[in-house]
Amino acid sequence: MLILDRLRQSIAVALDKAVKHLSDQGTVDSASSTSDVSGLSQQDLESYAAMVRPTADPRFGDYQANCAMPLAKILGRPPRDIATALVDHLDVTDLCDDVQIAGPGFINLRLKSQFLGDSIAAMLKDDRLGVPLAALPRTVIIDYSSPNVAKPMHVGHIRSTVIGDALARTLRFLGHHVITDNHLGDWGTQFGMVIYGFKHFGDETALQSSPVEELSRLYRLVNRIIEYNAAKSEIESARIAVNDATRMVDVALQAVTDAKEPKEKKSLEKSHASASKKQAAAIEKLDKLESTIANSVEDTGFMQLASQHPGIADAVLNETAKLHEGDAENLALWKRFLPYCRDEIDRVYQRLNVSFDHTLGESFYHEMLGKVVDDLRAAGLASDSEGAVCVFLPEFDAPMIVRKRDGAFLYATTDLATLFYRRDQFGADEILYVVDSRQSEHFDKLFAVARRVGFEDIELIHVNFGTVLGPDGRPFKTRSGSSVGLESLLDEAVARAMAVVCDPERSVRLDPPMDEDEKRQIASVVGHGAIKYADLSHHRTSDYKFDLQKMVSMDGNTSAYIQYAYARVSGIMQKGGVELEAIASFGNAPRLDDPSERALAMTLLKFGESLMQVRAEYAPNFLVDYLYETARAYAVFNENCPVLKAHDDQTTQSRLALVALTARVLRQGLDLLGIQVVARM
RNA sequence: GCCCUCGUAGCUCAGUUGGAUAGAGCGCAGCUUUCCUAAAGCUGAGGCCACAGGUUCGAUCCCUGUCGGGGGUACCA
């Protein structure tokens with residue numbers, strides 16, 4: 001059991017006794033005569049016991065119990081009296097040195113060194129590093145990554161992939177039955193684009209020799225023509241929009257100048273600001289269209305193609321519709337192209353060291369969609385509106401549309417079909433959707449419909465996350481406004497890591513010197529780790545700025561810092577000729593005389609607590625914070641406590657235990673984040 | 001218009017169901033290397049936790065309002 005849970009349990013027992021004791025004494029205060037509390041329910045006891053938490057300041061011990069203050073009103077006693085009664089009934093002699101009451105009624109708990117040492121010894125012997133398996137294992141489906149195939153993966157796919165993978169690894173480690181499913185977009189318009197592209201611009205030889213490149217070329221070409229045509233047709237109205245917006249700004253400004261009353265003026269200033277914002281947006285849109293056109297006009301080859309395919313956008317939609325209707329030619333092309341598209345994304349997953357139990361894309365559910373709509377209609381949930389089939393929900397303004405006017409289905413329909421499939425085939429207790437925050441309304445509706453069709457017992461959770469921003473604080477885009485390719489970012493991260501690994505200043509210190517293979521290996525582990533770690537180190541719901549320079553930097557809270565701590569630990573083990581696993585059998589509890597030894601031990605013992613936090617909030621940044629704290633605690637220890645050069649063997653053995661456990665915690669923790677380690681760097 | 005979300009050090013970000021003097025990194029000013037990797041460690045300066053009310057013994061956290069950023073808002077996903 002985790003130390004925190006043991007303390008909570010002890011507090012709950014003591015609290016139960018204390019409350020009974022206090023009520024036997026009778027209440028002294030007449031004001032509380034209304035509350036004849038003779039005991040607390042089990043649930044209450046647990047919630048008060050849960051108010052045990054690690055202290056913020058080491059002066060207050062290691063953990064503190066904060067339940068006396070909120071109980072004061074309920075029990076009609078001063079909080080310090082309650083704390084005193086609680087401490088009188090508290091039996092933690094095995095765990096704690098002394099128990100002190102401080103301030104208004106904080107109960108400060110300081111763990112015994114002996115207990116810490118014994119716990120470290122037990123943790124060393126445990127493959128699970130003292131982390132208990134879930135008492136009630138659940139079947140958890142995690143839906144993450146879900147890129148559109150036939151389109152290059154971009155920076156936006158990092159978050160879902162990395163967060164989902166970290167959650168899958170962590171929940172699995174905690175003993176849950178985790179099923180990961182990559183809900184690919186493999187049935188959408190992008191295939192219409194590739195099919196159209198192949199029919200008109202395809203190169204059979206190229207497709208055979210390098211299919212992925214050829215498909216990607218076709219996608220980009222068709223996409224470019226569509227964007228160019230759209231830009232051309234929209235640019236006039238965009239100019240008008242800018243003019244209109246500018247006029248509105250002038251009008252609003254004039255109104256502000258003319259305003260007499262301050263109150264009126266303030267309101268008009270607000271509309272002026274709002275008009276200016278609209279103007280800026282209109283100008284930005286126009287700029288984008290203009291640059292799209294400007295980037296193409298000089299490319300005569302492209303211009304010729306574009307002029308030959310004026311109706312390409314509709315034609316693409318037509319190809320998509322034909323595919324969905326089962327047109328033999330398009331279906332054959334889809335079946336032919338899909339494996340190549342899968343190879344393409346699989347290559348990225350391989351780089352990222354991410355895998356899935358299932359990859360059931362949209363196409364998998366295609367056959368089931370009609371039935372979903374029919375069932376919703378039969379259940380009286382769906383109805384026709386403006387030609388579309390809609391589910392109207394009282395708690396939402398807009399309906400959830402499950403079938404378009406033209407008969408096509410939407411992702412809401414697919415998501416419902418997926419939900420039924422997962423319930424029936426996987427027996428899910430819990431389904432996590434690791435998807436962008438912007439889709440929260442979609443999931444609110446989806447879950448609301450699910451509750452009405454028999455999903456009351458399945459916990460459906462939108463594990464939402466924020467946007468990746470560029471250096472300007474706006475969504476990360478290239479200068480031309482397109483999204484940034486994922487692979488080029490990975491390449492750049494690895495290249496930067498390589499530059500540091502090869503830094504002659506430091507590589508001369510390593511003996512034996514690194515060969516090229518080892519350097520490449522290290523650069524890969526450090527570079528990919530950097531991008532993952534940077535993503536996971538932010539709370540998933542925050543937006544964050546993508547700053548490669550900082551991510552790959554070796555200073556601060558980065559993966560390289562943790563990996564470096566691990567490498568130094570490995571160096572000590574190697575130099576000492578000790579195997580990591582062998583240290584488990586030392587058996588003796590380490591001595592924790594130096595404050596930095598005690599601090600390191602204390603941190604190591606909190607590994608399980610950090611995982612509980614990850615689990616509770618589906619937020620891997622708690623584990624990241626923990627690992628950074630551990631690496632720092634180790635760095636201080638490393639500074640103050642020689643291991644192999646300690647003054648006696650006993651101390652060496654004792655410290656080796658801490659060193660080995662640090663290595664295992666860092667390695668395991670990083671592994672749960674999907675990040676690897678190297679023996680030296 | 002309506003809904004959601006965010007606002008914490010110069011910058012980038014943490015902050016565990018409300019807890020004691022709000023933390024870290026970068027940057028800045030210093031210090032430390034006969035010692036297992038200095039890709040390190042230590043010290044210091046730096047804060048009206050956007051603002052105003054409210055609830056509470058106690059509010060960065062909960063409620064209401066204001067201001068400011070981002071996102072969504074009937075047939076794309």
Side-chain angles (χ1 to χ4, degrees), chain A residues 47 50-51 53-57 59-60 64 66 69-70 72-73 78-79 102-106 108 146 148 185 188-189 270 273 362 385-390 396-406 408-412 414-415 435-442 444 464 466-467 469 473-475 500-501 503 505-506 509-511 526 537-539 541-545 547 550 553-558 560-561 563-565 567-576 609-610 612-613 616-617 619 621-622 624-625 628-629 632 635-636 638-640 642-646 655 659 680-681:
Chain A
S47 78
M51 292 178 190
R53 45 172 293 167
T55 54
D57 187 326
R59 286 188 299 123
F60 303 132
Q64 57 180 321
N66 298 335
M69 284 81 76
K73 186 156 263 182
F106 296 107
N108 294 332
S146 312
N148 282 324
T189 313
K270 224 171 136 177
E362 290 171 338
S385 171
E386 296 176 30
V389 184
C390 300
F396 298 98
D397 293 336
M400 180 166 86
I401 299 176
V402 291
R403 182 166 208 162
K404 299 201 295 184
R405 200 170 12 221
D406 66 7
F409 301 106
L410 295 106
Y411 75 138
T414 313
D415 278 353
V435 181
D436 202 324
S437 293
R438 282 179 297 207
Q439 291 191 42
S440 55
E441 199 172 318
H442 163 67
D444 288 344
N464 63 321
T467 310
L469 307 173
R474 317 219 25 187
V500 182
V501 170
D503 178 0
E505 285 265 322
R506 44 183 318 281
R509 297 203 201 93
L510 290 173
D511 179 40
V526 172
S537 68
H538 298 93
H539 193 282
T541 56
S542 333
D543 298 342
Y544 76 91
K545 278 189 191 165
D547 182 346
K550 203 168 103 178
S553 154
M554 307 299 159
D555 301 318
N557 187 3
T558 64
Y561 180 85
Q563 286 166 325
Y564 176 63
R568 289 183 74 164
V569 166
S570 298
I572 292 177
M573 311 285 288
Q574 205 198 355
K575 204 158 263 183
E609 282 178 32
S610 75
M612 296 306 148
Q613 290 178 301
E617 300 195 30
N621 69 304
F622 287 107
V624 170
D625 288 349
Y628 183 56
E629 199 183 313
R632 280 166 49 86
V636 176
N638 188 57
E639 199 76 13
N640 298 322
V643 179
L644 301 174
K645 296 178 182 169
R655 288 178 179 168
V659 168
R680 57 182 195 156
M681 57 189 278

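In the text below, chain A, chain B and the rest are named by the order of the sequence lines, each starting its count at 1.
Side-chain atoms of A:R632 lie closest to B:rA24 of the nucleotides B:rA20, B:rU16, B:rA24. Among the nucleotides B:rC13, B:rC57, B:rA74, the one closest to the side chain of A:P70 is B:rC57. The A:H538 side chain lies nearest to B:rU12 when the options are B:rA40, B:rU37, B:rU12.
No more than 12 heavy atoms of other residues, nucleotides or ligands shown are found within 6.0 angstrom of CG on A:D397.
Between A:V659 and the options A:L644, A:N638, A:V569, a side chain to side chain contact (heavy atoms under 4.5 Å, CB included) holds for only A:V569.
Between the side chain of A:E629 and the base of B:rA24, no donor-acceptor pair of N or O atoms lies under 3.5 Å.
Straight-line distance between the P atoms of B:rA14 and B:rG58: roughly 30 Å, to the nearest whole Å. A distance of about 11 Å separates the C1' atoms of B:rU17 and B:rC61, rounded to the whole Å.
Taking only side-chain nitrogens and oxygens, A:N621 comes nearer than 4.0 Å to OP1 or OP2 of B:rG15.
Closest-nucleotide positions on RNA chain B for A:S437 and A:H539 were compared, and the one nearer the 5' end corresponds to A:H539.
Within the nucleic acid shown, A:R59 comes within 4.0 Å of at least one base atom, counting heavy atoms only.
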**OP:** Both distances under 3.5 Å, Watson-Crick or G-U wobble: on that basis, could you give the dot-bracket string for RNA chain B, with [ ] for crossing pairs and | for other-strand partners?
**Re:** (((((((..((((.....[...)))).(((((.......))))).....(((((..]....))))))))))))....
